[in-house]
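Just so you know, these numbers use all the heavy atoms, side chains as well, and skip hydrogens, waters and symmetry mates.
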Amino acid sequence: MYALIDCNNFYCSCERVFNPSLEKRPVVVLSNNDGCVISRSEEAKQLGVRMGTPAFTSETCFQQNNVAVYSSNYTLYGDISDRVMKTLVDFVPRLEVYSIDEAFLDLHDLRYQDLLALAIRIRETVKQHTGIPVTVGIASTKTLAKMANRFAKKKKKETGCVWAANQELLNEMLEATDVADIWGIGPQYAKLLMKNGFKNALQLLRAPEEWIRVNLSVVGQRLLTELKGIPAIEWEFEPPDKKAICTARGFGQLIKTRQEVGEALASYAAICALKLREQKSCASKIEVFVETNAFRRDDKQYRRSIRLTLPVSTNSTAELIKYSMQALDIVYKEGYNYHKTGITVMDFIPEDKVQYGLYDAAGTDKAKLIHQTIDKLNKSLGKDLLRFAKQGYGTKWKLKQTKLSPCYTTRIDEILKVKI
DNA sequence: TCTGGGGTCCTAGGACCC
DNA sequence: TCTGGGGTCCTAGGACCC
C-alpha cells in the first residue's frame with residue numbers, strides 16, 4: 001500500500017502558521033514578480049479566485065473581501081516542508097519526497113490492521129508538530145493513492161483521509177474522478193479522452209490497452225496498469241541527480257540594455273553553478289535565452305536561444321558567467337523591451353571525472369578552494385554577499401516582491417517576536 | 001503598470017557509423 | 001531482376017508534473 005500525504009494549500013498554510021489572524025480569512029500567495037495566484041486558502045477558493053489568475057485582474061476582489069495577499073517566500077516554505085517531511089519519517093521506514101508539499105509513504109511492510117486510523121494519526125501529528133494541515137490518501141498504487149487523496153479533499157473533508165480498502169470504495173472513487181483529474185492526464189490527453197467517450201477513471205480503466213498505447217504512448221499504458229491496482233511507477237527514495245538545471249526569471253520591470261540583461265543572466269549563471277557544485281557535477285553544455293513580454297501586444301516581440309558546448313566541463317561560477325556572456329552576445333539584439341532571460345546547464349559529468357586539456361588543469365585546485373570558501377561564507381551569511389563583478393549592483397531586473405513575509409525560521413533577524 | 005519557474009519523459013526524424 | 005540492416009547520437013517538439 002502507498003500513502004500520499006499532501007499539504008493543504010501549502011503556501012497559504014505556511015503563512016498562517018506564523019500569523020494566526022489569517023485563520024478564517026481568505027489568503028492568496030502570488031508567483032514571482034507578484035504575477036499570478038499560485039496558492040489559495042479555502043476561503044479564497046470560495047470567493048472564486050482561480051488558480052493562475054493574474055493578480056492585477058483580481059485587485060478589486062481582494063480589496064472588497066479583505067484578502068491577505070503574499071509574495072511567495074520559498075525560503076520559508078522550503079524550511080516548513082523539511083519539518084513536515086521529518087515528522088512523516090517517524091511513521092514509516094521509507095518515504096519518497098515527491099514535491100515541496102507531497103510525500104509518498106511506503107506502507108508495504110507495515111502490519112497495521114486499520115490504515116485509516118494510521119492516516120488520521122499522521123494527520124494529527126503533522127498538524128501538531130508543524131501547524132500544517134494535510135490530507136492522506138491510501139491505495140495500492142501511487143496513481144490510486146493520488147486519487148484517494150483528491151477524493152478525500154473533495155468528499156471526506158471531516159477526516160481528510162481516505163483508504164481505498166475495498167472494491168466498493170475504489171469504484172466509487174474511480175467513478176467520481178474525471179479523466180482530467182487523473183495524475184498523468186493533462187489538458188491535451190483529457191481532451192482526447194473526452195472526445196473518445198471516456199469521462200471518468202472507471203471508464204478509462206476499461207479502455208482497450210492497444211488504443212491507449214497508440215494514443216497516449218507508454219506513459220498512458222503505465223497509467224492504465226496503475227489504475228488497475230498494479231504498481232508500475234517505481235519508488236524513488238533517493239532524489240536522483242538532476243539532468244539539467246535551469247535558472248530563469250522574469251524581470252521586475254522591462255529592460256533594454258545589454259548591461260542589465262547581462263547582470264541578471266550572470267546572477268542566474270551563478271545560481272546554476274552553485275547547484276552544480278552541490279550535486280558535485282560539471283556541465284558540458286549551456287543554453288541561454290532572452291525574450292520579450294508576449295503579453296504586451298504593442299511591443300516588438302523577440303525570442304532567441306542558443307546552445308554552447310563548453311571546451312571543458314565546469315561548475316565554476318566564473319567560467320559559467322564567462323560563457324553565458326558569450327552566449328548573450330549572440331542572442332541579444334538592440335532595440336527590444338526584454339522581459340526575461342535564463343540559463344540551463346546540462347549534459348553533466350561527475351566533478352571528479354572532468355577531462356581537462358593539457359593546459360587547463362592548472363589552477364583548478366585554487367579555483368575549487370575559492371568556490372568552497374565563497375559557498376561556505378554565502379551560506380553562513382544567508383545571502384549572496386560575495387558576488388562576481390558581472391552580477392553588478394543593478395536593482396531594476398530584480399524580482400518584484402512587495403508583499404513578502406519574513407523568513408521566520410531561517411533568518412535570526414526575522415524571527416517571530418512576541419510582546420508580553 | 002501588472003500575466004511564474006523548474007523539471008522529467010517520450011517520440012520522431014535526421015545525421016552518421018560500420 | 002536486384003539497391004541492407006542495425007545501431008547510436010543529437011535535436012526538436014510535445015506531453016506531463018508541482
Would you measure the distance from the P atom in B/dT3 across to the matching atom in C/dC18 and give it in whole Å?
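About 25 Å, rounded to a whole number of Å.
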
Please work out if [X] contacts a base, only the sugar-phosphate, or nothing of the nucleic acid, heavy-atom cut-off 4.0 Å.
X: A/I185; result: sugar-phosphate
X: A/D34; result: nothing
X: A/I182; result: sugar-phosphate
X: A/T247; result: sugar-phosphate
X: A/I245; result: sugar-phosphate
X: A/K191; result: nothing
X: A/K243; result: sugar-phosphate
X: A/A244; result: sugar-phosphate

Shortest side-chain distance from [X], nucleotide among [options]:
X: A/Y189; options: C/dT11, B/dG7, C/dC16; answer: C/dC16
X: A/N32; options: B/dG5, C/dC18, B/dC9; answer: B/dG5
X: A/C246; options: B/dG4, B/dG6, B/dC10; answer: B/dG6
X: A/Q188; options: C/dC17, B/dG6, C/dC16; answer: C/dC16
X: A/D101; options: B/dT3, B/dC9, C/dC18; answer: C/dC18
X: A/F56; options: B/dC2, C/dC18, B/dC10; answer: B/dC2

Trace of the ring pair (Phe, Tyr, Trp, His ring centres under 6.0 Å) decision for A/Y11 with A/Y74
CA-CA 9 Å; A/Y11 299 167; A/Y74 290 106; 5.6 Å; yes

Atom pair distance, as rounded to whole Å: [atom1] in [X] and [atom2] in [N]:
X: A/D347; N: C/dC10; atom1: CG; atom2: P; answer: 7 Å
X: A/M346; N: B/dG7; atom1: CE; atom2: P; answer: 12 Å
X: A/E287; N: C/dC10; atom1: CD; atom2: C1'; answer: 13 Å
X: A/L216; N: C/dA15; atom1: CG; atom2: C1'; answer: 9 Å
X: A/L4; N: C/dC18; atom1: CG; atom2: C1'; answer: 12 Å
X: A/L308; N: C/dC10; atom1: CG; atom2: P; answer: 16 Å
X: A/K242; N: C/dC17; atom1: NZ; atom2: C1'; answer: 13 Å
X: A/Q253; N: B/dC2; atom1: CD; atom2: P; answer: 10 Å

Rounded to the nearest 0.5 Å, what separates atom CD in A/E175 from atom CZ in A/F151?
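One gets 10.5 Å once the value is rounded to the nearest 0.5 Å.
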
If only side-chain N and O atoms of [X] are considered, is one of them under 4.0 Å from the OP1 or OP2 phosphate oxygen of [N]?
X: A/K400; N: B/dT3; value: no
X: A/K146; N: C/dC18; value: yes
X: A/R296; N: B/dC2; value: yes
X: A/N33; N: B/dC2; value: no
X: A/R249; N: B/dG6; value: yes
X: A/R307; N: C/dT11; value: yes
X: A/K340; N: B/dG5; value: yes
X: A/H339; N: B/dC2; value: no

Given the rule in the side chain to side chain contact (heavy atoms under 4.5 Å, CB included) test, do A/W397 and A/L265 qualify, once you have shown the distances and angles that lead to the verdict?
CA-CA 10 Å; A/W397 54 270; A/L265 183 61; over 6 Å; no

Which of parallel (below 30°), tilted (30 to 60°) and perpendicular (above 60°) describes A/W211 and A/F198?
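Judged by the thresholds at 30° and 60°, the geometry between A/W211 and A/F198 is tilted.
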
Before you tell me yes or no, could you show the steps for A/S99 and A/E102 under side-chain hydrogen bond (donor to acceptor under 3.5 Å, both in side chains), namely the whole-Å CA-CA distance, both residues' side-chain angles and the distance that decides it to 0.1 Å?
CA-CA 5 Å; A/S99 74; A/E102 285 170 83; 3.2 Å; yes

Mind running ring pair (Phe, Tyr, Trp, His ring centres under 6.0 Å) on A/Y2 and A/F104 for me, showing each step along the way?
CA-CA 7 Å; A/Y2 297 73; A/F104 286 107; 7.0 Å; no

Closer to the 5' end of DNA chain B via nearest nucleotide, is it A/R213 or A/G250?
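So the residue in question is A/G250.
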
Residue matched to B/dC18 through Watson-Crick or wobble contacts both under 3.5 angstrom
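Paired with C/dG5.
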
Polar side-chain atom of A/D106 near backbone of A/H108 as donor-acceptor pair, under 3.5 Å
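A pair under 3.5 Å: yes.
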
